[in-house]
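Side chains included, hydrogens not; waters and symmetry mates left out as well; all remaining heavy atoms used. Please read these numbers as outputs of a predicted model, since none were measured by experiment. Reminder, nothing fancy here: chain letters follow the sequence lines and each chain counts from 1.
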Amino acid sequence: MDYDFKTVEAKWQAAWRDAKAFEPETPQDEVRARAGEAEKNKFFFTVPYPYVSGNLHVGHGRTYANGDVIARFHRMRGERVLWPMAFHITGTPVLAVSAKIAAGDAATIAMYEDYVRCYETDEARVRELIASFAKPEAVVAYFSKKIVLDFQRMGFSLDYSRQFTTGDPEYNRFIEWQFGCYKQKGYLKQASYPVLYCPRCGNAVGEDDIKEGDTAPVDALKFAAFKSKLENEKENTFIISCTLRPETVFGVTNVFVNPLAKYVKASVDGEIWLVSEPALEKLRLQGHRTEVKEKMLGASLVGKFCVTPLGARVPILPAAFVDVNNASGFVHSVPAHAPWDWIALEDLRKDEKTLARYADKNLKKLLDEIKPISLISVEGYGEFPAQEILARMKVANSRERQKIDKATQELYKAEFYGGKMKQGVAGEFAGLNVTKAKDAVAEKLVGERKAAWFYETNRPAECRCGGNVLVAIMNDQWFLDFNAPGWKQAARECLDAMTIYPPVYRKQFNDVFEWLDKRPCARRRGLGTRLPFAPEWIIESLSDSTIYMAFYTVIKRIREKGFAAAQLTLEFFDFVFLGKGDAGGIAKKIKAKPWDLEAVRYDFLFWYPNDLRHTAVAHITNHLSFFIFAHAACFEREHWPRAISLNEMITAEGAKMSKSKGNVVLLNNVARDYGADLFRVYSVGAADFGSTLDFRKHDIEATRKSLGRFIDLAAKLIEAVKNGGNNGGSSRIDAEAKTGLVGVTLSRFESCVRDSTRCLEEFRLRDYVQTALYKQTNFFEDFLRRANESEKRLVAEQCACRWIALLSPVAPHACEELWEKAQKKGLASRGFVSLSRWPTAQEKLINPAAEASEDLVANVIADSRKIASLLKKKTASVTIIVASAAKAQEAKRLIAACESPQQVKASSDGLTAFLQKKFFEFQQNPALLEVNDFETLDAASEFIGKTLGCSVRVEREEESKSERAARAMPGKPAVVLS
RNA sequence: GCAGGGGUAGCGAAGCCUGGUCAAACGCGCAGGUUUGAGGUACCUGUCCCUUAGGGGUUCGGGGGUUCAAAUCCCCUCCCCUGCACCA
């Protein structure tokens, strides 16, 4: 069959669009809208809206393709399906893209040029568009249009009539209502919080704002800053040294300073602190009052003494490895447990030059007096773990930075997870696990004001603007408090009542719910909705996309009735979503018609709750959990979501897709190169929901073959039907279909219908494709090879249209095309196959005995081939000797009577052994013994002969003269070659 | 470390919940054959090892156990992947 997928797909996409095939209306009948679930017969299905910062890739494609199969299946089962789509634009990524393009960032411009070239051929137009992208609205406007095109090109049966973006004023009002709910319930709170911050921009920064923020993520680390009092100062002056391991305070032997770096003496919250110059800025951002008193070089401190928070008097020593840009610029030294400290002391002892420079300080003597203090016991290490690990890794001096870092990491891990604080050294913390001691020590010291908290990034990071990324403390950060009284409990109840597929992920939800605590939900910048009661804050993007499914149900009517954003007040939504207040009063207030308000409410009541949400597994820890929490917070129990299905991510040729690797496969290109149906069949059929799909060109090409075979076969089946369609087929089926080739074929097909339906009901889409497409194609191919014209007609009348309908969820374009062909033959019903009724399996045609007889034929052929290959001789003829009727009877009786293979005792040794071996096979599939071997094989002898390329004779054991006749067993005839 | 998932023939990947029909679906790769003027395509056959009569042997990360019977159930062990938040 000539099949040009581009033409065919475009044709049906246009037809669906023109017919508004997938844009369900809400019945405006009040009674129906208020009717119970069962009567509503609706299926409100959602997949998260895409983020509009560029083109869609195959990952979106996989999730939406799976979603589309589900939506189409439900639609064909007669449910009123609403599957809408919209666009997410909240947050900073779109802003970042525009900023980069405006700043002339070459990589970004190149990437967006490539995106745009997917749709534009004119280079001048490309340049013009890219220039326009300096404005974020232009990015959103352009790509949201293209996303719709991409979706349509994939044939997704979305309702495109309810589109919106999260920046629309109506949406803003809706989110304001949501946050009003949170506030009212006490779920929304303010507190201080550390954030990554760029002083140059004067703003908090996210991953997108940081150079290489996506490949090397930046975190804020919480250091304990020890205050060690400097000796011989007029006023109390503290050296500030920071650590991630506060428990090692018991082992401090000295403090290191970088002699060549600049330090400042400053007033910090009324005390005098000594820190590096950059550290003071950080302290200021972290909410401390700071004022510089005096600047100095590190060298001026060398040889002085200070007193640690625990009262130990320790010297200050020079060390070049101290980085003043990291933390406070002083490092206290715990040589017993810190490889860097150990090696620094070693180096210094050998560093004659430095020792000479500070001759007046007599560093040599100070060094001699330093004795490492061991304070943690850990398995596999002795007194001084740092020394041991350095020796083991053969580190010679401090220039081997990588090795030392590795040693530090390894030792830290060992001590943190396996270490215990030593008796006699660690005071009240003796005996504690390091894991516990770490926090306890720090809390105690901070409580006694002997230490403070200091935040630092885990790596030096630069903002895209060129400024340094630091950690700042936000004092008035808005949080959602998932542990607020009652909330988590309600969310759990919602989750418990939901269906999660695949079920293994339920556990993960439970775990996430367990650790969800406080979560910042607003930022100072980005696109989105402002907090109504604190407009300098913009609601963050994961927080404004948790209940928008409800918005889909109402936006169409809101627009139709001409509501302006200003009319969408809190009372409006209270009425629409919660039924609070009376329509008349609210309508009067917002100057609207009461029945318009009621119409919106009906839409919500008809469609809600969300029956199924389908998305990628990665969203469990955030979006999907928030989705449940938010519904539990804002809606009545009857409107809580019902089910979630999940699929894993997609990789490309074995590698994770990422922009930096440049291996992102764009959905648009896939549609262009392979066509929608092929991608759909491939992505749905190649991997279970629970497995990663590896997108491989080679494999999708192989799928092309299978899809083509289906199209050819279905066309052939349609051809086989006489014009005028089904003429008295069913009565003939009753008469003829029980046995023989037709019986087998119908039995297999009806099984296929039954199994496919079951797969779809259970979200096993891969199995559905395997069953309905691959397996069934093989069966029909085999059938067409062997059947005569009359048999073909019979089967085709019975199966062709139903097979096409069965596959239309996954390959809708091809199936519409075939359906149209069948309509011309008078075979298929009018209208789209996409809107036709789902085929029902005719269980009475499922006939295990017929299928068993088919297996018998296949086994005889396989046996003959095997024997032939062992004989290594040409086969001229095959004699098939069928077991005697007496044997068959005996076998049946024994299998029915015996409970285990050991009990089987037949009249001949051969039969006994045979039945014992096959015992469980026969027991579980008794149809195998119901087959009339002789009739079956005799009827198939011509086919067997053709297949084997030789003559075939079938005879009965009783009548056979062959000496091998006794080998004949029920279901396994003797085969004699010559 | 905590939590989750996984290790199956040359490769990818089913099967495991509900033990026997499992030498283990399906696809790729590879080999042979048919078609065609090489090639490619399409189709057929084969693809753990041995076997001149349909048989036998050894397999499902490693070790142990339960059972008449284990890829499937239980215990131990090794290895791999993902998540651990304020980011869409």
Side-chain angles (χ1 to χ4, degrees), chain A residues 48 50-53 88-94 96 193-196 204 206-209 213-214 217 219-220 413 416-418 435 477-480 502-505 507-512 514-523 526 540-543 545 617-623 625-626 648-649 654 656 685-688 690-692 694 696 698-699 701-703 705-706 708-709 766-767 769-770 774-775 778 781 785 855 859-860 862-873 900-902 917-925 928 947 949 964 967 972-977:
Chain A
Y51 193 82
V52 194
S53 61
H88 198 200
I89 67 164
T90 307
T92 52
V94 173
Y193 192 77
V195 294
L196 298 175
E207 190 179 286
D208 292 305
D209 311 309
D214 51 339
D219 291 322
K413 208 171 160 183
F416 183 70
Y417 295 115
T435 338
Q477 175 68 53
W478 289 92
F479 287 90
L480 288 177
V504 286
Y505 293 115
K507 174 100 175 78
Q508 205 167 329
F509 272 104
N510 283 322
D511 292 343
V512 171
E514 199 56 45
W515 63 253
L516 273 175
D517 187 16
K518 291 185 177 58
R519 180 176 199 282
C521 61
R523 305 176 69 184
E540 169 277 331
S541 69
L542 282 176
S543 304
S545 53
V617 172
H619 294 131
I620 291 176
T621 51
N622 43 51
H623 169 73
S625 291
F626 304 156
E648 264 292 354
M649 49 164 215
K656 205 169 170 176
D688 283 328
S691 348
T692 304
D694 191 16
R696 286 189 290 197
H698 192 278
D699 289 356
E701 282 299 344
T703 307
K705 207 166 66 181
S706 310
R709 275 168 62 197
R766 179 182 194 271
D767 289 346
V769 173
Q770 297 283 330
Y774 295 105
K775 215 162 135 189
N778 284 339
E781 256 180 0
R785 260 200 298 272
D855 292 344
N859 287 338
V860 167
D863 277 354
S864 307
R865 280 193 173 125
K866 174 145 198 212
I867 298 165
S869 81
L870 284 172
L871 291 175
K872 289 176 186 150
K873 270 188 260 170
S900 75
Q902 288 75 27
K917 191 177 171 194
K918 295 263 186 180
F919 186 81
F920 291 104
E921 192 177 337
F922 284 139
Q923 198 183 49
Q924 279 169 39
N925 189 2
L928 293 172
T947 307
R964 304 193 69 81
R967 286 184 69 99
K972 193 168 177 65
V975 177
V976 182
L977 305 196

Peer 1: Could you tell me how far B/U8 sits from B/C22 if I compare only their C1' atoms? Round to whole Å.
Peer 2: 12 Å

Peer 1: In B/S/- notation, 5' to 3', how is nucleotides 41-57 of chain B contacted by protein heavy atoms closer than 4.0 Å?
Peer 2: -S-SS-----BSBBBS-

Peer 1: What distance, rounded to whole Å, do you find between the two C1' atoms, one in B/U35 and one in B/A53?
Peer 2: 32 Å

Peer 1: Does B/G29 have OP1 or OP2 sitting under 4.0 Å from an N or O in the side chain of A/Arg696?
Peer 2: no

Peer 1: Expressed in whole Å, how much space separates the C1' atoms belonging to B/A14 and B/A71?
Peer 2: 12 Å

Peer 1: Applying a 4.0 Å non-hydrogen cut-off, can you work out what A/Tyr193 is touching in the nucleic acid: base, sugar-phosphate, or nothing?
Peer 2: base

Peer 1: Please report the shortest heavy-atom distance between A/Pro502 and A/Gly690, naming the atom on each side.
Peer 2: CG-N, 4.2 Å

Peer 1: Partner lookup for B/G19, please. Criteria are Watson-Crick or G-U wobble with both distances under 3.5 angstrom; report none if nothing qualifies.
Peer 2: none

Peer 1: What is the distance, to the nearest angstrom, from the CD atom on A/Glu648 to the P atom on B/G5?
Peer 2: 12 Å

Peer 1: Mark yes or no for whether A/Gln477, through its side chain, and A/Arg519, through its backbone, hold a donor-acceptor pair below 3.5 Å.
Peer 2: no

Peer 1: Taking only side-chain N and O atoms of A/Ser541, does any of them lie within less than 4.0 angstrom of OP1 or OP2 on B/A88?
Peer 2: yes

Peer 1: Closer to the 5' end of RNA chain B via nearest nucleotide, is it A/Leu516 or A/Thr90?
Peer 2: A/Leu516

Peer 1: Rounded to whole Å, please give me the gap between CD1 in A/Ile620 and P in B/G4.
Peer 2: 13 Å

Peer 1: Could you measure between the two C1' atoms, the one in B/A42 and the one in B/C79, and give it in whole Å?
Peer 2: 44 Å

Peer 1: Kindly point out which of B/A85, B/G29, B/C87 is positioned nearest to the side chain of A/Leu542?
Peer 2: B/C87

Peer 1: What is the distance from CG of A/Leu480 to C1' of B/A85, rounded to the nearest Å?
Peer 2: 13 Å

Peer 1: A/Asp694 CG to B/G27 P: how many Å, rounded?
Peer 2: 19 Å

Peer 1: Over how many whole Å does the gap from A/Lys775 atom NZ to B/G27 atom P extend?
Peer 2: 13 Å

Peer 1: Taking only the C1' atom of each, what is the distance from B/G57 to B/G61 in whole angstrom?
Peer 2: 22 Å

Peer 1: Nearest of B/C28, B/C86, B/C87 to any side-chain atom of A/Pro520?
Peer 2: B/C86

Peer 1: Write down the partner of B/G83 under the Watson-Crick or G-U wobble criteria, each distance required to be under 3.5 Å.
Peer 2: B/C2

Peer 1: Determine the contact category for A/Ser900: base if any of its heavy atoms lies under 4.0 Å from a base atom, sugar-phosphate if only primed atoms, P, OP1 or OP2 are that close, otherwise nothing.
Peer 2: nothing

Peer 1: Treat primed atoms plus P, OP1 and OP2 as sugar-phosphate and everything else as base, then score nucleotides 14-21 of chain B 5' to 3': B for base contact with protein heavy atoms under 4.0 Å, S for sugar-phosphate contact only, - for none.
Peer 2: S-----BB

Peer 1: In whole Å, measure the gap between the C1' atoms of B/A25 and B/G15 for me.
Peer 2: 8 Å

Peer 1: Compare side-chain N and O positions of A/His698 against OP1 and OP2 of B/G29 and report whether any pair is under 4.0 Å apart.
Peer 2: yes

Peer 1: Can you tell me the base-pairing partner of B/G37? Count Watson-Crick or G-U wobble geometry only, both distances below 3.5 Å, and say none if there is no partner.
Peer 2: none

Peer 1: In whole Å, what separates the C1' atom of B/C76 from that of B/U18?
Peer 2: 26 Å

Peer 1: Rounded to whole Å, how long is the line connecting atom CD of A/Gln770 with atom P of B/A25?
Peer 2: 13 Å

Peer 1: Without decimals, in angstroms, what is the distance between A/Asn510 CG and B/A3 P?
Peer 2: 14 Å

